[in-house]
Asks: 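Questions regarding the structure given below will be posed in turn.
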Amino acid sequence: RTVDVTEHFGIPLVTEELIDCFGQVMHRLVLEIDGTVSITFSASGVTARVDPTTRSVLTPGVHIPPALMDHAVSMRIS
């Protein structure tokens, strides 16, 4: 599910929720104003920030699986 929040911030920010086969949210990705993406893991509540342009994790101690990083990269604004 994608939520467009352009009217609140003036730029095309988006939120994506990745769901499992039972319809439960597994991860929530938010494109931030600075171009980074925040990823919240629903099971643990941990939130990590990544830089989609360099595919780097900015939150120490958090591992982002490659498939999840691919989703974050797909959200970036060109």
Side-chain angles (χ1 to χ4, degrees):
R1 175 171 63 168
T2 300
V3 179
D4 184 2
V5 292
T6 303
E7 65 276 4
H8 298 292
F9 297 101
I11 61 173
L13 300 178
V14 292
T15 297
E16 292 184 4
E17 293 180 334
L18 304 180
I19 58 173
D20 63 15
C21 59
F22 301 105
Q24 301 297 313
V25 175
M26 294 177 55
H27 304 94
R28 181 177 182 170
L29 293 82
V30 177
L31 178 61
E32 304 290 350
I33 291 173
D34 64 0
T36 60
V37 176
S38 294
I39 303 172
T40 301
F41 294 77
S42 297
S44 65
V46 170
T47 298
R49 185 165 286 201
V50 301
D51 182 343
T53 59
T54 60
R55 298 182 70 93
S56 57
V57 181
L58 304 175
T59 305
V62 179
H63 170 75
I64 303 297
L68 191 52
M69 183 64 79
D70 290 343
H71 282 284
V73 168
S74 73
M75 294 177 73
R76 75 181 168 150
I77 300 171
S78 303

Asks: With sequence neighbours left out, which residue pairs that include part of residues 36-46 fulfil the salt bridge (charged side-chain N to carboxylate O under 4.0 Å, His left out) condition?
Replies: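 The answer is none; no pair qualifies.
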Asks: Residues in side-chain hydrogen bond (donor to acceptor under 3.5 Å, both in side chains) with Ser56, at least two apart?
Replies: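 Residues passing side-chain hydrogen bond (donor to acceptor under 3.5 Å, both in side chains) with Ser56: Thr54.
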Asks: Can you run down the ring pair (Phe, Tyr, Trp, His ring centres under 6.0 Å) pairs that involve residues 13-56, sequence neighbours left out, and say none if there aren't any?
Replies: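 Listed by first then second residue: His27-Phe41.
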Asks: According to a 4.5 Å side-chain heavy-atom criterion applied to Ile, Leu, Val, Met, Phe, Trp and Tyr, with indirect links allowed, do Leu18 and Val37 form part of one hydrophobic cluster?
Replies: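 Yes; Val37 is reachable from Leu18 via cluster members.
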Asks: Among residues at least two apart in sequence or on other chains, which ones pass side-chain hydrogen bond (donor to acceptor under 3.5 Å, both in side chains) with Thr53?
Replies: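 side-chain hydrogen bond (donor to acceptor under 3.5 Å, both in side chains) list for Thr53, sorted by chain: Asp51.
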Asks: Sorted by first residue and then second, give each salt bridge (charged side-chain N to carboxylate O under 4.0 Å, His left out) pair with at least one member in residues 36-46; sequence neighbours left out.
Replies: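 Sorted pair list comes back empty.
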Asks: Taking only distance into account, with no hydrogens and no angle test, what donor-acceptor pairs under 3.5 Å do side-chain atoms of residues 59-74 form with protein atoms, sequence neighbours excluded?
Replies:
from, atom 1, to, atom 2, distance (Å)
Thr59, OG1, Arg49, N, 2.8
Asp70, OD1, Arg55, NH1, 3.3
Asp70, OD1, Arg55, NH2, 2.6
Ser74, OG, His71, O, 2.7

Asks: Once rounded to the nearest 0.5 Å, what's the spacing between atom OG1 of Thr40 and atom CG of Leu29?
Replies: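 Between Thr40 OG1 and Leu29 CG, I get 8.0 Å after rounding to 0.5 Å.
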Asks: Residues two or more places apart in sequence or in another chain: which of them pass side chain to side chain contact (heavy atoms under 4.5 Å, CB included) with Ile19?
Replies: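 Expected list: Val25.
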Asks: Between atom CE of Met26 and atom CD1 of Ile39, what is the distance when rounded to the nearest 0.5 Å?
Replies: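 Answer for the CE-CD1 pair, Met26 versus Ile39, is 12.5 Å.
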Asks: Among pairs that include at least one residue of residues 56-68, which meet salt bridge (charged side-chain N to carboxylate O under 4.0 Å, His left out), considering only residues two or more places apart or in two chains?
Replies: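 Matches after skipping sequence neighbours: none remain.
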Asks: Side-chain heavy atoms nearer than 4.5 Å, only ILVMFWY residues, links allowed to pass through others: does that put Val30 and Val57 together?
Replies: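 They do not share one cluster, since no chain of ILVMFWY contacts under 4.5 Å joins Val30 to Val57.
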